[in-house]
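A short write-up of the structure that comes next.
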Amino acid sequence: MKTILMTSQKGGSGKTTVVGLLSVESDRAGDGPSWIIDTDPQGTLSQWHKRRDKDTPQRAELPFDRIADGLKKLADMGAAYCFIDTAPTISAQSAALIALADLILVPIRPSPADLWASAQTVALVKEAKKPFLFVITQAKPQATITAQTVAALSQHGRVAQSFIADRVLYAGAMTGGKTAPEITPRSPAADEVSGLWNDVKSCFHENNKSSRSVKYG
């Protein structure tokens, strides 16, 4: 099982939306079964999940000090992926969750405030020597600020090629316990989410290649 952690110090960066999108997309793409864990006290991801009329993804309710054990049990049960949503802050809990993750996703809106706020998150992830991927959210594709944000982030780590654009459909779908691709399977939003999921999966493939290429002696 691969554990994917969504973290960012900046509130409103789209963490919960991306967790919902990817956890559903992973099952839609045939890569599941997938689970979600909500560690944000606001519980937005849990509220979204309660509104769903489908069994996937499944949600694990765990106290923070039992998450490590819970992840092991999910793996034993045959889970393929577990997506963890986090609070918009950096704390000792953040470091503990990063240590448990196989991949960190850092959502970033194309704005100076989000860029500045990402520095502490990236420092913590790099200190833990964990692979990470920046995910551009609420993007306006033709806006100069989007290109500037990608250029700035590229100096510090990999940026997903697929952006989550600023679309009303994403929020509207979440309100009803769904995701945009579930409502409109043939749409730009569906293409964005499918592309992002492929970007995420490619991180694992590249890490495996890197591991196999290491030579000793």
Side-chain angles (χ1 to χ4, degrees), residues 1-8 11-89 91-107 130 132-133 135 137 164 169-185 189-190 192-194 196-201 203-204:
M1 184 184 77
K2 300 297 185 184
T3 299
I4 300 174
L5 181 71
M6 193 75 54
T7 187
S8 172
S13 61
K15 293 190 301 297
T16 301
T17 297
V18 176
V19 168
L21 290 170
L22 293 182
S23 61
V24 170
E25 186 64 23
S26 61
D27 277 310
R28 282 167 48 86
D31 297 320
S34 294
W35 289 72
I36 58 174
I37 297 176
D38 189 359
T39 67
D40 186 348
Q42 294 183 13
T44 306
L45 183 67
S46 298
Q47 290 298 320
W48 165 77
H49 189 263
K50 290 176 182 177
R51 288 171 167 77
R52 285 186 63 74
D53 57 5
K54 295 184 178 181
D55 295 332
T56 57
Q58 299 181 75
R59 179 167 59 95
E61 292 191 52
L62 298 166
F64 187 82
D65 60 359
R66 296 293 302 278
I67 290 179
D69 290 337
L71 291 174
K72 292 177 182 178
K73 290 181 180 178
L74 292 180
D76 291 341
M77 291 168 55
Y81 293 94
C82 183
F83 299 83
I84 302 178
D85 195 14
T86 62
T89 184
S91 64
Q93 286 192 352
S94 303
L97 289 171
I98 287 172
L100 295 173
D102 297 299
L103 176 67
I104 317 297
L105 300 184
V106 184
K130 293 285 185 172
F132 68 98
L133 179 70
V135 177
T137 63
I164 299 300
L169 179 59
Y170 285 120
M174 290 287 287
T175 300
K178 297 183 181 297
T179 63
E182 289 180 300
I183 293 177
T184 56
E192 289 168 3
V193 177
S194 176
L196 179 57
W197 177 234
N198 286 330
D199 287 342
V200 170
K201 289 192 294 182
C203 292
F204 294 116

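As the structure is a prediction and not an experimental result, all values here were calculated from the model.
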Go through the steps to decide whether S34 and S26 satisfy the test side-chain hydrogen bond (donor to acceptor under 3.5 Å, both in side chains), and finish with yes or no. CA-CA 7 Å; S34 294; S26 61; 2.6 Å; yes
Taking the side chain as every heavy atom from C-beta outward, state whether [X] and [Y] have any atom pair closer than 4.5 Å.
X    : Y    : result
P181 : V24  : no
S23  : Y81  : no
L97  : F64  : yes
W197 : D31  : yes
L71  : M1   : yes
R28  : V193 : no
I4   : L22  : no
E61  : S46  : no

Roughly how far, to the nearest 0.5 Å, is the [atom2] atom of [Y] from the [atom1] atom of [X]?
X    : Y    : atom1 : atom2 : value
K130 : I98  : NZ    : CD1   : 9.5 Å
Q47  : T175 : CD    : OG1   : 12.0 Å
T7   : I84  : OG1   : CD1   : 10.5 Å
L103 : L133 : CG    : CG    : 6.5 Å

Counting N and O atoms only, with roles assigned by atom type, does the side chain of [X] sit under 3.5 Å from a partner on the main chain of [Y], one being a donor and the other an acceptor?
X    : Y    : value
T39  : D85  : yes
K2   : A80  : no
S8   : V106 : no
D27  : T56  : no
T137 : S13  : yes
W48  : K178 : yes
R51  : G176 : no

Report the C-alpha distance between R52 and E182 in whole Å, list the side-chain angles of each, state the deciding distance to 0.1 Å, and finish with yes or no for side chain to side chain contact (heavy atoms under 4.5 Å, CB included). CA-CA 11 Å; R52 285 186 63 74; E182 289 180 300; 3.0 Å; yes
Yes or no on side chain to side chain contact (heavy atoms under 4.5 Å, CB included) for T17 and I164, after CA distance, side-chain angles and deciding distance? CA-CA 10 Å; T17 297; I164 299 300; 5.5 Å; no
Between S94 and T86, does the side chain to side chain contact (heavy atoms under 4.5 Å, CB included) criterion hold? Intermediate values first, please. CA-CA 8 Å; S94 303; T86 62; over 6 Å; no
